Number of protein chains: 2
Amino acid sequence: MQQPNRDKTGRRGRPVRRPAVVPVETRSHILDHAEALFALHGLHGVTVREVARAAAVDPALVHYYFETKAGLFDAVFQRRAAILNEERLREMDGYARAAGDRITVEGCVQAFLEPIWRHSYPNDPHWNNYFRMIALVNNTPEWGGEMMTRHFDPVIQRLIELLRTCMPRARDADLYWCYHFLSGALTLSLSRTGRIDRLSGGVCASDDMEAILRRMVPFIAAGFRQVCQPAD
Amino acid sequence: MQQPNRDKTGRRGRPVRRPAVVPVETRSHILDHAEALFALHGLHGVTVREVARAAAVDPALVHYYFETKAGLFDAVFQRRAAILNEERLREMDGYARAAGDRITVEGCVQAFLEPIWRHSYPNDPHWNNYFRMIALVNNTPEWGGEMMTRHFDPVIQRLIELLRTCMPRARDADLYWCYHFLSGALTLSLSRTGRIDRLSGGVCASDDMEAILRRMVPFIAAGFRQVCQPAD
DNA sequence: GTCTATAAGATGATAGAC
DNA sequence: GTCTATCATCTTATAGAC
């Protein structure tokens, strides 16, 4: 599998001591490949060796950087969560400021989703892998709830807050349950399993993120209003 | 699957051949415990030995009945799908017949969900495990789409058909995408991860299926109408 | 930081006795 | 149908050389 003592230059004497070409990126290089594999197979469906092989790196290095497989998984999850959270908060704050009194449920949902779509559409493979991971985690009974809470709660709370200003008479339970429906619809979309392609006989495509967003915003907004703002 | 040589009467002549006390149930006994484990950890998170130990059965027996781990997973998935599909078809047909011209989007969605809720609420641990498995499969990129299609498509097509009679001018793509949102919201609910409990500070409970249904039906119905029946 | 080597044990699956 | 025994392979993780 490995050729122990290769020396491309073939020049004799000292082993030259070049710490490879770009050692700076090793860590994120491992993260990228781990992300791609975890997205497809989940935590238990991936071995440290597979990650190492995909990243063309020694298995021991993975442990050097992340200690355990769970540590690796967590690091992968953490990396883009930080970025995404910041973008979403800024997007929602920006929208709220710009909209002022004209704030709408549609606008809030759109601002909440916008940063995701910016990364996923048309096609950033890294982010798309990450989003698949989120979908898997979100539906994992054992530790999924805890993990989602730990990484995303502040952003969700901000969304709820914003939605409350649109629907001042809404009850908390209704707002949270409706967010839960949004969360399910969103993460299933992000997992792009190809199910809808088969079901629809090709009329819909899992990868058509634009088609999804165009319908998700009005769908979710109408649902929120129906439940949180009953006609009474 | 088959019990070749059973002889309940024990009448003489032949060596009686009573294979233990209750051999009839071994297969479904294994299925039950596999179901509980797969629901929590997914296909890759469970070993054949763990299933065998949980079922208090020899590991080789699992292979005897199901050949491979994937075969076991599939058998678990199959078992209740057959039951559920039949119940859902009957529920939807019954509703459509009873409603006649007064058919509504709410009614269709309710009929579609009703059989699930009958099993999950208040508490049938077996069915609840099964529903968690569905949620996991539904969000599994690799083979999840294929598996959902294989087991559930006819029922979904029937739902779409019914919804089309409520919204005759709806376009297919809109109907399918809206079903996709429904599917995501539903399966996330079925996975009961505890996320919403944490997020809401205890205002909502993952296990409160009645609270979910009460909101899901109007939420989803309003979404469908908004997207599939634009005011134009 | 990166690699070799290896510990220490678990894995899916099967052959064959009963 | 059920069990014992076992194969061949893979697993996470670490110690220590370089």
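Lettering follows sequence order; numbering is per chain, from 1. Everything quoted here is computed from the prediction, not taken from an experiment.
- Taking a cutoff of 4.0 Å between a charged side-chain nitrogen and a carboxylate oxygen, D32(A) and R80(A) qualify as a salt bridge.
- dT14(D) atom P lies 15 Å from atom CG of L61(A), rounded to whole Å.
- Distance NE2 (H29(A)) to P (dG1(C)): 16 Å, rounded to an integer number of Å.
- At whole-Å resolution of the value, CZ in R53(B) and P in dC3(D) are 15 Å apart.
- The two atoms that bring A205(A) and I196(A) nearest to each other are C-CG2, 4.3 Å, heavy atoms only.
- Nearer to the 5' terminus of DNA chain D, by closest-nucleotide assignment, is the contact made by E50(A) (compared with the other of P59(A) and E50(A)).
- Within the 4.0 Å cut-off from OP1 or OP2 of dT2(D), at least one side-chain nitrogen or oxygen of T26(B) is found.
- Contact check on R158(A) versus E161(A) returns a salt bridge, with a Lys/Arg side-chain nitrogen under 4.0 Å from an Asp/Glu carboxylate oxygen.
- What separates NE2 of H63(B) from P of dT14(C) is a distance of 7 Å, to the nearest Å.
- Checked against dT14(D), dT11(D), dT6(D), the side chain of A60(A) finds its nearest nucleotide in dT14(D).
- The distance from atom OH of Y64(A) to atom P of dA5(C) is 21 Å, rounded to the nearest whole Å.
- When the P atom of dA10(C) is taken as reference, atom NE2 of H44(A) falls 17 Å away, rounded to whole Å.
- In this structure, D74(A) does not pair ionically with K69(A), as no charged nitrogen and carboxylate oxygen lie closer than 4.0 Å.
- Following rounding to the nearest Å, K69(B) (NZ) and dA10(C) (P) show an atom-to-atom distance of 16 Å.
- Look at CG on D58(B): it is 12 Å from C1' on dT14(C), rounded to the nearest Å.
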